[in-house]
Amino acid sequence: MNNYNQIRVRFAPSPTGYLHVGGLRTALYNYLFARKNNGVFVLRIEDTDRARYVEGAVENLIDTLHWCGFDYDEGPQKNGSFGPYTQSERLEIYKSYTQTLIEQKKAYYCFCTQERISELRTAQENLKQQTKYDKLCLHLDHNVIAQKLKDGVPHVVRLNIEADKKVVVEDIIRGRVEFDSNLIDDQVLLKGDGYPTYHLANVIDDHLMKISHVIRGEEWLPSTPKHVLLYDAFGWEKPVFAHLPLLLNPDKSKLSKRQGDVAVEDYRAKGYLPESLVNFVALLGWNPGTEQEIFSLDELINIFSIEGVNKSGAVFNIEKLNAFNFEHLRKKNDTEVVRILKEYLAKSKFADHKFDDDKLFLIVEAMRPRISFVKEIIENSSYFFESPESYDQEVIQKRWKDDTSENLKSLAEEFSKLLNPKKEDYETALHKTAELLNIGNGKLIHGVRLALSGVGGGPGLYEILFILGKEESIRRIEKAIEKIRI
RNA sequence: GCCCCCAUCGUCUAGAGGCCUAGGACACGAGCUUUUCAAGCUUGUAACACCGGUUCGAAUCCGGUUGGGGGCACCA
């Protein structure tokens, strides 16, 4: 269908502040498609709306993409033969192409004021008619046009859409979609401020940048006939279109800010691993046809195919994302987790403390099966880093009996006799004490756990004892005997 | 209102006419394990929106209905 000899795709966000997870998925599929097919992945900045421009948004976008692990081949801050890759730097290009369209009568100047346009629209709405421009300025005499231009009358340029034409969009995900040209508005191509609209800029750029496949969200499907008409007006070959299903809120509406986090940056800040987010989002609307669900980015590249993309929208379900994070976290080796833990520690209230690596490795090993996020090691088991300041009241009620203090005193004594104890040594000592006191092990275990950690759950008791060390453990037992009153 | 898209467990999905008494994952329930909490293992509940048609045979093909969503800017 097309003569492109190389796969070239693009991700074309507008710099409005942050990367939306829907945008992440679009970027991902483009990226995977490019890498899988030895193609080129272009990043293009669509900043033709000056009102919405946000300072620093481009830098943030690039940083976030980088965090996700996507590297682009051409784009801002990168060389490429088709630049510049920022639309605000391509204004002259859009103008000159529009000029040729005007000369061929495929586009025309429109001097109508915003007021007239909105009056026209409300009138049409009241008559329950299709709202569209009435082509008034199409019929202006060329002398009148010349005069108005000379006088500097504000104007836009519109595409002259022919009536009674069937416009066909071929989409590899949705098949053939037909539109009636009578229902398509004479789209503004160049705005009053001289900037192009999305429709014009994206068509010109995709053509000039030799984009072979346009892979974008389904919200673009209704405006694709305009783009098709533009390609035809220019006499250009069309790229292959692929409109991706939408990402949805739990109530099935288009994923939006109002119903939770939508920025990739939000998930990054919450401690999700980039590989989890990417893996999760990849499976929203696509699947490899096997039962495997956990993939690295490289594995995704290997197995991705655009044919595996389905048509219906997918709810963004945080619970499953959390499960993915758990899975990816457990695939990481201890060294990596310790590295991440250190980053969190440096930002925590323990920033000034020095913890040696041996200890951190033991903590990570103990906490691993109990967490989905690395930062939970600090949140859920702060007792590894500081002595507990309080004790869970419920656990006291359940586990701290009249004789607990006395029993723990004996146990602490037994512990103090140990020399460089290992996990097993603590266990042996505890068993011995229980036997001596003629009580079950459980009577001791729960009390010690509470004394050491302040809470009722966590890693194996002997593991905690070993990680804390003999001196610290005894100190905490004594402190608890002192502080816990029933 | 008009145009377009979509439709399998609560959610993500497998399924391209017989392999489907519909498979997997998350979540949820139960059991085992563990003198904690998790994890792990085993196991259970749970879906083809509806109505017609085509066919020997339909979750799969066709039509309609219903439902959901998206779009109708000098925003992208």
Side-chain angles (χ1 to χ4, degrees), chain A residues 12-16 46-49 51-52 87 110 112 114 117-118 121 124-132 154-158 169 171 173-175 177-180 182-185 187-199 201-202 216-225 243 245-246 248 250-254 280 283-294 310-324 326-327 330 366-371 380-381 395 398-399 440-446 448-450 453 455-461 464:
Chain A
S14 59
T16 51
E46 310 224 323
D47 59 344
T48 54
D49 184 355
R52 292 213 300 172
Q87 291 185 329
C110 172
C112 291
Q114 304 258 27
I117 300 294
S118 62
R121 185 169 301 136
Q124 287 166 334
E125 275 169 8
N126 291 339
L127 288 167
K128 300 214 184 281
Q129 282 177 349
Q130 170 81 23
T131 57
K132 54 186 275 204
H155 61 274
V156 300
V157 177
R158 288 182 184 274
V169 174
D171 186 289
I173 294 170
R174 279 151 221 289
V177 185
E178 288 184 7
F179 297 85
D180 176 357
N182 295 325
L183 268 16
I184 303 171
D185 204 358
Q187 185 59 51
V188 171
L189 301 178
L190 270 188
K191 302 187 253 184
D193 61 6
Y195 277 65
T197 57
Y198 168 83
H199 308 288
N202 112 86
R216 71 210 331 181
E218 196 195 337
E219 68 267 32
W220 292 111
L221 190 54
S223 53
T224 307
H243 288 94
L246 258 22
L248 272 25
D251 71 357
K252 307 261 188 183
S253 57
K254 186 173 159 184
F280 171 65
L283 261 21
L284 252 28
W286 169 84
N287 85 87
T290 66
E291 292 196 336
Q292 186 181 348
E293 291 209 308
I294 301 300
N310 48 235
K311 302 172 182 185
S312 47
V315 173
F316 189 92
N317 176 235
I318 308 254
E319 292 201 320
K320 189 142 186 175
L321 171 60
N322 290 342
F324 272 79
F326 176 85
E327 293 297 335
R330 77 197 318 242
M367 287 303 291
R368 235 173 202 297
R370 273 159 260 270
I371 53 163
N380 300 354
S381 57
V395 182
K398 197 170 166 198
R399 308 288 195 187
N441 296 332
K443 294 218 75 170
L444 288 172
I445 287 175
H446 300 297
V448 192
R449 172 181 293 285
L450 182 64
S453 69
V455 293
L461 176 63
I464 299 180

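Keep in mind it's a predicted model, so treat the numbers as computed, not measured. Just so it is clear: chains get the letters A, B, ... in the order the sequence lines come, proteins before strands, and each one is counted from 1.
- In terms of position on RNA chain B, the residue among L221(A) and N310(A) whose nearest nucleotide sits closer to the 5' end is L221(A).
- The side-chain hydrogen bond (donor to acceptor under 3.5 Å, both in side chains) test applied to D180(A) returns N182(A), not counting sequence neighbours.
- When the C1' atom is compared between rC6(B) and rU36(B), the two are found 49 Å apart, to the nearest whole Å.
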Pairs under 3.5 angstrom, nitrogen or oxygen only, protein versus nucleotides 70-76 of chain B, please.
residue: rG70(B); atom: OP1; partner: K254(A); partner atom: N; Å: 3.0
residue: rG71(B); atom: OP1; partner: K254(A); partner atom: NZ; Å: 2.9
residue: rC74(B); atom: O2; partner: G192(A); partner atom: N; Å: 2.6
residue: rC75(B); atom: OP2; partner: K191(A); partner atom: NZ; Å: 2.8
residue: rC75(B); atom: O2'; partner: D49(A); partner atom: OD2; Å: 2.8
residue: rC75(B); atom: O2'; partner: R52(A); partner atom: NE; Å: 3.4
residue: rC75(B); atom: O2'; partner: R52(A); partner atom: NH2; Å: 3.4
residue: rA76(B); atom: OP1; partner: T48(A); partner atom: OG1; Å: 2.9
residue: rA76(B); atom: OP1; partner: K191(A); partner atom: NZ; Å: 2.5
residue: rA76(B); atom: OP2; partner: Y198(A); partner atom: N; Å: 3.1
residue: rA76(B); atom: O4'; partner: R52(A); partner atom: NH2; Å: 3.4
residue: rA76(B); atom: O3'; partner: E46(A); partner atom: OE1; Å: 3.2
residue: rA76(B); atom: O2'; partner: S14(A); partner atom: OG; Å: 3.1

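- Going from atom NE2 of H446(A) over to atom P of rC37(B) covers 8 Å, rounded to whole Å.
- Atoms CG and CD, from L283(A) and Q292(A) in turn, are 9.5 Å apart once rounded to the nearest 0.5 Å.
- In this structure, R449(A) atom CZ and rU34(B) atom P are separated by 16 Å, rounded to whole Å.
- Under the 3.5 Å distance criterion, the side-chain polar atoms of D171(A) are matched with a main-chain donor or acceptor of H243(A).
- The line from OH of Y198(A) to CG of D49(A) is 14.0 Å long, rounded to the nearest 0.5 Å.
- One interatomic measurement links the two molecules: CZ of R399(A) to C1' of rC37(B), which rounds to 10 Å at whole-angstrom precision.
- The side chain of N380(A) contributes no N or O atom lying less than 4.0 Å from OP1 or OP2 of rC37(B).
- Across all their heavy atoms, V169(A) and F179(A) have their closest contact at CG2-CE1, 3.8 Å.
- Taking all atoms of both residues into account, the shortest heavy-atom contact from T48(A) to K191(A) is O-NZ, 2.8 Å.
- G440(A) comes within 4.0 angstrom of a base, heavy atoms only.
- Here rC37(B) presents its C1' atom at 9 Å from CE of M367(A), a figure rounded to the nearest Å.
- Across every strand in view, rU43(B) sits in a pair with rG29(B) that passes the Watson-Crick or G-U test at under 3.5 angstrom.
- By the salt bridge (charged side-chain N to carboxylate O under 4.0 Å, His left out) test, E46(A) is found to be paired with R44(A), residues two or more places apart in sequence or in another chain being considered.
- For rC5(B), its base never sits under 3.5 Å from the side chain of R174(A) at any donor and acceptor pair.
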Name the pairs: protein N/O against N/O of nucleotides 21-26 of chain B, kept only if under 3.5 Å.
residue: rG23(B); atom: O2'; partner: E291(A); partner atom: OE2; Å: 3.4
residue: rG24(B); atom: O4'; partner: E291(A); partner atom: OE2; Å: 3.0
residue: rA25(B); atom: O4'; partner: E293(A); partner atom: OE1; Å: 3.4
residue: rA25(B); atom: O2'; partner: E293(A); partner atom: OE1; Å: 2.4
residue: rA25(B); atom: N3; partner: K320(A); partner atom: NZ; Å: 2.7

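- Pairing of rU34(B), defined by two Watson-Crick or G-U wobble distances under 3.5 Å, is not identified with any nucleotide.
- Residues passing the salt bridge (charged side-chain N to carboxylate O under 4.0 Å, His left out) test with D193(A), sequence neighbours excluded: R50(A).
- When the nucleotides rC12(B), rC37(B), rC4(B) are ranked by their closest atom to the side chain of R370(A), rC37(B) comes out on top.
- Following rounding to the nearest Å, D180(A) (CG) and rC3(B) (P) show an atom-to-atom distance of 9 Å.
- Going from atom CZ of R368(A) over to atom P of rG40(B) covers 13 Å, rounded to whole Å.
- A gap of 22 Å separates the C1' atoms of rG52(B) and rG18(B), to the nearest Å.
- Between A314(A) and L284(A), the closest heavy-atom pair is CB-CG, 4.0 Å.
- Side-chain N/O atoms of N287(A) include one lying less than 4.0 angstrom from OP1 or OP2 on rA14(B).
- Summarising the base pairing, rG1(B) is matched to rC72(B) through a Watson-Crick or G-U wobble pair whose two defining distances lie under 3.5 Å.
- rC62(B) sits 27 Å from rG71(B) when the P atoms are compared, rounded to a whole Å.
- The 5' end of RNA chain B is approached more closely, in terms of each residue's nearest nucleotide, by P250(A) than by the other of P250(A) and K443(A).
- Take R368(A) and apply the salt bridge (charged side-chain N to carboxylate O under 4.0 Å, His left out) test, not counting sequence neighbours, and it matches D334(A).
- We find that NZ of K311(A) is positioned 19 Å from C1' of rC12(B), with the value rounded to whole Å.
- Separation of the C1' atoms belonging to rU21(B) and rA38(B) is 37 Å when rounded to the nearest angstrom.
- Under the Watson-Crick and G-U wobble criteria, each requiring two contacts below 3.5 Å, nucleotide rG18(B) is paired to rC56(B).
- rA7(B) and rU66(B) make up a base pair, with Watson-Crick or G-U wobble contacts both under 3.5 Å.
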